[in-house]
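A note on names: the letters A, B, ... follow the listed sequences, proteins ahead of strands, and every chain is numbered from 1.
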2 protein chains.
Amino acid sequence: MARKTGSHSDITGPRVRDAAISLIAEKGFAAVSMRQIAAAVDMQAGALYNYTADKQSLLFDLMRTHMEELLEARAEAAVTGDALTRLEAFTRFHIRFHLPRSREVFLSYMELRNLTPENFAGIERLRKVYEDDLEAILIDGQRAGVFKIADTKIATLALIAMLTGISNWYRPDGRLSIDRIEEIYWALVQNAVGAAEIAATAAE
Amino acid sequence: MARKTGSHSDITGPRVRDAAISLIAEKGFAAVSMRQIAAAVDMQAGALYNYTADKQSLLFDLMRTHMEELLEARAEAAVTGDALTRLEAFTRFHIRFHLPRSREVFLSYMELRNLTPENFAGIERLRKVYEDDLEAILIDGQRAGVFKIADTKIATLALIAMLTGISNWYRPDGRLSIDRIEEIYWALVQNAVGAAEIAATAAE
DNA sequence: CATTTAACTGAACGCCTGTTCATTTGGGAA
DNA sequence: TTCCCAAATGAACAGGCGTTCAGTTAAATG
């Protein structure tokens, strides 16, 4: 046996990537073998090398693609307006983008240490773009007196950690809908940056 | 060669555990071999089996010990008083306990999926005790009208994710001291649960 | 329909894996 | 000082690892 009926790189390529994402998210990069990935798409391990140079490149490609899709989606969902409006847009975007991608989120946060130093630097650079996007909003709001933040850099990391943590417990069939989660976290974010406090004070 | 001069299980045991924590935190459980751990303490791989039944038990012991030390330290640092006071104590305790234990934190959050189902259940049970501790504080404060929280369960997870995220960027020689980090995060936590807002409203 | 090319197999490579065990040696007690 | 046991060694086991490649088959091209 050799080439399979109906086989096409356009079809097999995405299937390989999808199987790799699932397996790596479940077991971890180091714990998943090329033979396991191949078996998941009903192939022999050797055939995977039509789709990736090696195992390391496969991991990097998955993570880079995830980060690029994140930045691209964020750019498309860009919003203008005051800091509070933009913070709300960021919060809701983050949740809506990440919740349906629990495998990729898991993978991207867990497998950084399995990247070579060069590949790691590449991913970190993309991650920093996203963080800077949020920090710019916080700095703006701080300057406008709308937010009350002790340290915008720390607040950025704290908010992203809080929001990304949703992926650790969210289940599509769980107690809370995505809409409800958005509302709850938007309230938490608003409070955390001191926006609610200012609002209450202004209402005096 | 066989038994080494000055060798004692009381000494070698902790050395093995410490080397295992460092290596697993750095590379991940699946990526670290028993031979690598043994080499870090200058032994042969076979000798490790004087200290652990197998590789899986080693991981489980490391994680269980970490969680038990967390719960024990938390019990010792217990504070009575109103919800705000106890929330502050919890926040500061969490930071002070976790910051010097970045390896264990990393390991405990990353390697859950490498536990067998039974071992996983054991660790999750301990984790839940800690989460419930925080949620009890939030529920109390909510009832007393001191906190303004949409969903105490979610707020619990959000706060822990935010606080534990510190371990991802904290460096002992970094820009911020532990004291300063405590202050910044206590302000964020206070805000997030709506305590600051209540305070501001009351000051009208 | 003939030819080329893309997609895949299956075997092989050297190396590493967790774990076991007979054997050896040092430490502590009698 | 003799004895016993704790604490290691180092070789061996069967099996899995990432990766390569000659060979085979289906699809695409003309």
Side-chain angles (χ1 to χ4, degrees), chain A residues 1-24 26-63 107 111 113-116 118-119, chain B residues 1-24 26-63 107 111 113-116 118-119:
Chain A
M1 260 179 288
R3 181 166 189 168
K4 301 194 160 178
T5 64
S7 73
H8 250 288
S9 64
D10 291 352
I11 294 170
T12 307
R15 286 184 66 222
V16 167
R17 294 171 41 86
D18 189 70
I21 291 171
S22 286
L23 284 168
I24 296 172
E26 185 192 342
K27 303 166 187 291
F29 177 70
V32 171
S33 70
M34 295 298 271
R35 284 175 178 81
Q36 285 175 301
I37 296 171
V41 292
D42 216 36
M43 302 195 328
Q44 297 300 314
L48 293 178
Y49 291 82
N50 289 325
Y51 302 96
T52 185
D54 48 36
K55 199 189 177 191
Q56 168 70 208
S57 300
L58 176 59
L59 176 62
F60 178 61
D61 283 347
L62 294 177
M63 295 180 65
L107 197 149
E111 305 299 348
R113 61 186 166 187
N114 284 308
L115 292 172
T116 61
E118 309 81 49
N119 287 345
Chain B
M1 261 180 287
R3 181 168 189 167
K4 300 196 160 178
T5 65
S7 72
H8 251 290
S9 65
D10 291 352
I11 295 169
T12 307
R15 285 184 68 222
V16 167
R17 293 169 42 84
D18 190 69
I21 291 172
S22 286
L23 283 168
I24 296 172
E26 185 193 342
K27 304 166 186 292
F29 177 71
V32 171
S33 71
M34 295 299 271
R35 283 174 179 80
Q36 284 175 299
I37 296 171
V41 292
D42 215 36
M43 301 196 326
Q44 297 298 315
L48 292 179
Y49 291 83
N50 289 323
Y51 302 95
T52 185
D54 48 36
K55 198 188 179 194
Q56 168 69 209
S57 300
L58 177 58
L59 176 63
F60 177 60
D61 284 348
L62 294 177
M63 295 181 65
L107 197 151
E111 305 299 348
R113 61 185 168 188
N114 284 307
L115 293 172
T116 61
E118 308 82 47
N119 288 345

K.L.:
Rounding to an integer number of Å, can you tell me how far Gln36(B) CD sits from dC15(C) P?
P.N.:
17 Å
K.L.:
Look at the side chain of Gln44(B) and decide which nucleotide, out of dG10(D), dT9(C), dG18(D), has an atom nearest to it.
P.N.:
dG10(D)
K.L.:
Measure CD1/Ile11(A) against P/dA27(D) and give the value in whole Å, please.
P.N.:
11 Å
K.L.:
What is the distance, to the nearest angstrom, from the CE atom on Met34(B) to the P atom on dC13(D)?
P.N.:
21 Å
K.L.:
Should the side chain of Arg3(A) and the base of dA27(D) be counted as holding a donor-acceptor pair, with the cut-off at 3.5 Å?
P.N.:
no
K.L.:
So, is Ser33(B) close to the dT17(C) phosphate, meaning a side-chain N or O under 4.0 Å from OP1 or OP2?
P.N.:
yes
K.L.:
Between Lys4(B) (side chain only) and Met43(B) (backbone N and O only), is there a donor and an acceptor less than 3.5 Å apart?
P.N.:
no
K.L.:
Taking the nucleotide of DNA chain C with the nearest heavy atom to each, does Ser7(B) or Gln56(B) sit closer to the 5' end?
P.N.:
Gln56(B)
K.L.:
Here's a test of your reading of the structure: between His8(B) and Tyr49(B), which maps to the more 5' nucleotide of DNA chain C?
P.N.:
Tyr49(B)
K.L.:
Ignoring hydrogens and geometry beyond distance, is the side chain of Arg35(A) in donor-acceptor contact with the base of dG18(D) at under 3.5 Å?
P.N.:
yes
K.L.:
Does OP1 or OP2 of dT9(D) have a side-chain N or O of Lys4(B) closer than 4.0 Å?
P.N.:
yes
K.L.:
Should we say atom CG of Asp42(B) is surrounded by more than 12 heavy atoms from elsewhere, each under 6.0 Å from it?
P.N.:
no
K.L.:
Given dC8(C), is OP1 or OP2 found less than 4.0 Å from the side-chain N or O atoms of Thr12(A)?
P.N.:
yes
K.L.:
Please find the pair of heavy atoms, one from Pro14(B) and one from Ser9(B), that lie closest to each other, and give the distance.
P.N.:
CD-O, 3.9 Å
K.L.:
Side-chain N or O of Ser9(B) less than 4.0 angstrom from OP1 or OP2 on dA7(D)?
P.N.:
yes
K.L.:
Send over the distance from Leu48(A) CG to dC8(C) C1', rounded to a whole Å.
P.N.:
11 Å
K.L.:
Expressed in angstrom and rounded to an integer, what is the separation of Lys55(B) atom NZ from dG16(D) atom P?
P.N.:
16 Å
K.L.:
Would you kindly give the OH-to-C1' distance between Tyr51(B) and dG18(C), to the nearest whole Å?
P.N.:
19 Å
K.L.:
Check Arg113(A) with Glu111(B), please: is the shortest side-chain N to carboxylate O separation under 4.0 Å?
P.N.:
yes
K.L.:
Rounding to an integer number of Å, can you tell me how far Asn50(A) CG sits from dC21(D) C1'?
P.N.:
12 Å
K.L.:
With a 4.0 Å cut-off on heavy atoms, is Val32(B) in touch with a base, just the backbone sugar-phosphate, or nothing at all?
P.N.:
sugar-phosphate
K.L.:
Got Thr52(B) and Met34(B) here, is their nearest side-chain heavy-atom distance under 4.5 Å?
P.N.:
yes
K.L.:
Compare the minimum distances between each of dT19(C), dT9(D), dT25(D) and the side chain of Met43(B), then state the nucleotide with the smallest one.
P.N.:
dT9(D)
